[in-house]
Amino acid sequence: MKFDIITIFPEVVTPYIKASILGRAQEDGKIQINAHNLRRWTEDKHKTVDDTPYGGGAGMVMKVEPFDKAVSAVKGIENTRVILTSASGKTFTQEDAKRLAEYDQLIFLCGRYEGVDYRVEDQIADEALSIGDYVLTGGELAALTMTDAVARLVPSVIDEESLARESHDEQGYKEHPQYTKPEEYNGWTVPPILLSGDHAKIEKWRQENSL
Ligand code: ADE
């Protein structure tokens, strides 16, 4: 599966996608994530990506043409989804992560908080998604959040057993408490049942203690 993140700050995005599980999954060829600088698709000397709003008002608005050209350049042939990150979009959930994991390519368009020409949402993006009811300075963290949540659902990116366990609950994020060594630290102990070796009892305890 391929992820393309179009942003004016690729240098913010790249370290995260190179690190940890996402980095390893790319090395193993399971996923491919690329951050692209939106300014590549500008024509003028200053590589302008925004302009003043029609109708007046404060702030700048991101232009439609660079996004349109960027999407045309990176979009594959089929089964692709173009997502605009937006505080006013639908709130992203685990259900969306599962739905988006069915595509071969996701293209994230990172907006800036002051605004994006509405034609980007209306004509270019297939949907606008928010990661929560708060306003970020830009869409980079949102694109990374969604990329991370979707990428871990791609087969064999993470431990299959952990994923299988998740699929037993409705949303995929109800988890029982986990413990590792040592058995006791500062007088804080691990529930004895987890040390009992009785798998049936452990399973029952885990179900009863799912958060
Ligand atoms: N851009 C600014 N705030 C955002 C949010 N909460 N979700 C997605 N994109 C955003």
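Indexing begins at 1, ligand by ligand and atom by atom, following the structure's order.
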Inset, instruction - Identify, by atom number and element, the atoms of ligand 1 in contact range of L129, meaning under 4.0 Å from any of its heavy atoms. - result: 8 (C)

Legend entry - Contact check, side chains of T7 and H36, non-hydrogen atoms, under 4.5 Å: no

Legend entry - Nearest-neighbour protein heavy atom for atom 9 (N) of ligand 1, which is reported as residue plus atom name and distance: S86 N, 3.2 Å

Legend entry - SB check E175 R206 (cutoff 4.0 Å): no

Legend entry - Distance filter under 4.0 Å to S130 heavy atoms, resulting ligand 1 atoms: 5 (C), 6 (N), 7 (N), 8 (C)

Inset, instruction - Do me a favour and list the nearest non-hydrogen protein atom to atom 6 (N) of ligand 1 with residue, atom name and distance? - result: Y134 O, 2.8 Å

Legend entry - Side-chain ion pair, E95 and K98, N-O less than 4.0 Å: yes

Inset, instruction - Report yes or no: does G111 have a heavy atom closer than 4.0 Å to ligand 1? - result: no

Inset, instruction - For atom 10 (C) of ligand 1, find the nearest protein heavy atom and state the residue, atom name and distance (0.1 Å precision). - result: A87 N, 3.6 Å

Legend entry - Shortest protein contact, atom 8 (C) of ligand 1 (heavy atom only): A142 CB, 3.4 Å

Legend entry - Test log, rule side-chain contact (heavy atoms from CB on, under 4.5 Å), inputs I202 and S196: CA-CA 8 Å; I202 291 172; S196 68; 4.2 Å; yes

Inset, instruction - Looking only at protein heavy atoms, identify the closest one to atom 7 (N) of ligand 1 and say how far it is in Å. - result: I131 N, 3.0 Å

Legend entry - Close side-chain approach of F67 to D117, heavy-atom, < 4.5 Å: no

Inset, instruction - Check whether any heavy atom of T137 sits under 4.0 Å from an atom of ligand 1. - result: no

Legend entry - Test of proximity, L136 against ligand 1: N or O pairs below 3.5 Å: yes

Inset, instruction - Taking only Lys NZ, Arg NE, NH1 and NH2, and the carboxylate oxygens of Asp or Glu, determine whether D96 and R99 approach each other closer than 4.0 Å. - result: yes

Legend entry - Salt-bridge criterion met for K90 and E127 (N-O under 4.0 Å): no

